*Asks:* 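Before anything else, here's the structure in question.
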Amino acid sequence: MPQRSWLFVPGDSEKKLGKAADTGADVIIVDLEDSVTFSNKDQARQMACAWLTEQRPVAQFGRWVRINALDSRLWRDDLIAVMPGAPDGIMLPKSAGPESIQTLAAELYELEGRYGIPTGSTRILALVSETAEAAISIPSYASAPLPRLQGLVWGGEDLSAAIGAARKYDADGRWTDAFRFVRTQTLLTAHAKGVLALDTLHADFADTAGLKRFAEEARADGFGGMLAIHPAQVPVINAAFTPSEEELSHARAIVAAFAAQPNAGTLQIDRRMIDRPHLVLAKRLLGIVD
Ligand code: COA
Ligand code: MG
């Protein structure tokens, strides 16, 4: 199953939950955190579980839940409420480092046992950049044993509040340095760990052209997918993270050229030098595992 577009749906919105399955998103994240007010948490938990259960036999997409942060006193009750719906994974906001993942994993282990869910099957996506402390320790995920970890994702909203940054973008519309630093660390750490690198959301959901540019750059930089907040963002993200026919045929040409000359370290296609790293990238694009 592809994991290009990860769409947030507020857990207390019956209307949006009702639309979620038809958005074309690869993954739906039912949110119990920032988009749900404190007084609606209980209702959102019940609605999330009902939605997970209803979609379980039919869903062609990932069914995920974002719980509240580990320092909130809400997260355990979130899990107790949604685990009977056997979500494919849990997104953890304000993850402080590998210990946060291990704390969540221990709770998931208990609840999988309680609800008859295969042990270890519930995956985890960590939101790694929401405090300054977290943001400077992103590489610590790389060396810790985290068997449930599906991917790493970063976010700018909470971090900008945490560091008092009045802006996130420069005059050209590019991320400013602190956000670029975090984005790069997320990308490299995810690849070092062999898990999915996800880029953050584009908050201006009416800005299709801007989203297209961000999403295309994200894939070109090595991200495997991106967060979304509005259904209109889903097709743009899916298209940006799907290789074009031209890219695929170029990759096939590289693989074929090396297959024809197995002893060549370097060769040329259309008067351009091609060497082993190009072959690795081409195989990656084509999903060829050596
Ligand atoms: N999931 C499913 N359906 C959604 C949706 C979402 N995330 N966002 C909007 N829709 C639906 C709307 O209900 C609306 O349905 P309708 O045509 O039947 O009226 C349609 O898509 C168009 O929505 P629109 O009117 O353009 O936006 P809105 O004002 O209803 O909602 C937001 C705007 C930002 C509030 C909404 O997109 C949203 O809730 N996004 C997710 C927020 C979230 O979860 N944040 C947490 C992570 S940062
Ligand atoms: Mg947040």
Side-chain angles (χ1 to χ4, degrees), residues 3 6 8 11 27-36 38 41-42 44-46 48-49 52 62-159 161-162 182 185-198 200 227:
Q3 303 203 313
W6 294 61
F8 278 114
V27 179
I28 296 293
I29 312 169
V30 180
D31 187 30
L32 301 179
E33 201 216 11
D34 286 345
S35 70
V36 177
F38 191 77
K41 297 286 186 198
D42 252 333
R45 287 170 180 149
Q46 303 317 317
C49 184
L52 290 168
R63 297 165 306 119
W64 284 61
V65 175
R66 179 165 76 168
I67 58 170
N68 287 279
L70 297 188
D71 63 4
S72 70
R73 294 210 235 144
L74 295 165
W75 68 280
R76 280 203 173 85
D77 288 339
D78 291 342
L79 286 178
I80 289 168
V82 300
M83 283 302 284
D88 296 307
I90 300 295
M91 180 180 191
L92 181 66
K94 301 181 180 65
S95 183
E99 327 71 52
S100 298
I101 307 296
Q102 285 158 348
T103 302
L104 171 57
E107 199 73 12
L108 290 175
Y109 176 84
E110 289 292 323
L111 292 171
E112 285 172 343
R114 190 184 305 175
Y115 297 124
I117 298 164
T119 302
S121 62
T122 315
R123 312 287 296 164
I124 295 174
L125 176 70
L127 193 35
V128 296
S129 65
E130 299 200 285
T131 65
E133 293 88 334
I136 58 171
S137 60
I138 292 170
S140 63
Y141 291 94
S143 49
L146 303 168
R148 291 176 187 266
L149 191 65
Q150 181 79 8
L152 302 180
V153 61
W154 72 285
E157 306 291 335
D158 287 78
L159 183 60
V182 160
Q185 299 227 73
T186 304
L187 174 72
L188 293 175
T189 305
H191 282 288
K193 188 87 189 131
V195 299
L196 181 68
L198 273 191
T200 197
L227 297 177

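These numbers were taken from a predicted model, which means no experiment stands behind them.
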*Asks:* How close do Asp31 and Arg66 get, counting heavy atoms only, and between which atoms?
*Replies:* OD1-NE, 2.7 Å
*Asks:* Give the minimum heavy-atom separation between Ser121 and Arg148, together with the two atoms involved.
*Replies:* N-NH1, 4.1 Å
*Asks:* Quick one: closest heavy-atom pair of Ala132 and Leu159, and the distance?
*Replies:* N-CD1, 4.0 Å
*Asks:* Which residue is it: Val153, Thr186, Leu92? I am looking for the one with a side-chain contact (heavy atoms from CB on, under 4.5 Å) to Leu127.
*Replies:*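 When side-chain contact (heavy atoms from CB on, under 4.5 Å) is applied between Leu127 and each of Val153, Thr186, Leu92, only Val153 qualifies.
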*Asks:* Nearest heavy-atom pair of Gln3 and Val27: which atoms, and what distance?
*Replies:*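 Result for this residue pair: NE2-CG2, 4.3 Å.
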*Asks:* Roughly how far, to the nearest 0.5 Å, is CG of Leu149 from NZ of Lys193?
*Replies:* 7.0 Å
*Asks:* Please find the pair of heavy atoms, one from Trp64 and one from Ile124, that lie closest to each other, and give the distance.
*Replies:* CZ3-C, 3.9 Å
*Asks:* So, do Ile117 and Leu108 sit near enough that their side-chain heavy atoms are less than 4.5 Å apart?
*Replies:* no
*Asks:* Quick one: which residue pairs count as a salt bridge (charged side-chain N to carboxylate O under 4.0 Å, His left out) with a foot in residues 120-129, not counting sequence neighbours?
*Replies:*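 Qualifying pairs: none.
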*Asks:* When rounded to the nearest 0.5 angstrom, what distance separates CG in Asn68 from CG in Leu74?
*Replies:*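 With rounding to 0.5 Å, CG (Asn68) is 4.5 Å from CG (Leu74).
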*Asks:* Applying side-chain hydrogen bond (donor to acceptor under 3.5 Å, both in side chains), can you list everything that pairs with Trp154, at least two apart in sequence or on another chain?
*Replies:*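 In terms of side-chain hydrogen bond (donor to acceptor under 3.5 Å, both in side chains), with neighbours along the sequence ignored, Trp154 is linked to Asp199.
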*Asks:* Would the distance check show the side chain of Ser129 and the main-chain N or O of Ala135 forming a donor-acceptor pair, the cut-off being under 3.5 Å?
*Replies:* no
*Asks:* Working to the nearest 0.5 angstrom, can you tell me the gap between Leu146 CG and Tyr141 OH?
*Replies:* 8.5 Å
*Asks:* For residues Ser95 and Ala134, report the shortest heavy-atom separation together with the two atoms involved.
*Replies:*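 Between these two residues, the closest heavy atoms are O-CB, 3.6 Å.
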*Asks:* Please check: side-chain N/O of Glu112 versus main-chain N/O of Thr122, any donor-acceptor pairing under 3.5 Å?
*Replies:*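 Side chain of Glu112 to backbone of Thr122, a donor-acceptor pair under 3.5 Å: yes, one is there.
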*Asks:* Passes side-chain contact (heavy atoms from CB on, under 4.5 Å), Leu196 versus Trp6? Steps please.
*Replies:* CA-CA 12 Å; Leu196 181 68; Trp6 294 61; 3.6 Å; yes
*Asks:* Could you give the distance from CG (Leu70) to CH2 (Trp75), rounded to the nearest 0.5 Å?
*Replies:*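 Result: 5.5 Å between the selected atoms.
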*Asks:* Please list every donor-acceptor pair under 3.5 Å in which a side-chain atom of residues 79-91 meets a protein atom from a residue at least two apart or in another chain.
*Replies:*
{"residue": "Asp88", "atom": "OD2", "partner": "Arg63", "partner atom": "N", "Å": "2.7"}

*Asks:* Is there side-chain contact between His191 and Leu187, with heavy atoms separated by less than 4.5 Å?
*Replies:*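 Touching, per the 4.5 Å side-chain cut-off.
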*Asks:* How long is the straight-line distance from CG of Asp158 back to CD of Glu33, given to the nearest 0.5 Å?
*Replies:*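 Glu33 CD to Asp158 CG: 6.5 Å, rounded to 0.5 Å.
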*Asks:* As an exercise, state the distance from CG of Leu104 to CD1 of Ile67, rounded to the nearest 0.5 Å.
*Replies:*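 Here the interatomic distance stands at 5.0 Å.
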*Asks:* Counting neighbours of OH on Tyr115 that are heavy atoms of other residues, nucleotides or ligands and sit closer than 6.0 Å, is the number greater than 12?
*Replies:* yes
*Asks:* Gln150 and Val195: side-chain contact (heavy atoms from CB on, under 4.5 Å), yes or no, with the steps?
*Replies:* CA-CA 6 Å; Gln150 181 79 8; Val195 299; over 6 Å; no
*Asks:* Does the pair Asp71/Lys94 count as a salt bridge with the N-to-O cut at 4.0 Å?
*Replies:*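 So Asp71 does not pair with Lys94 through a salt bridge.
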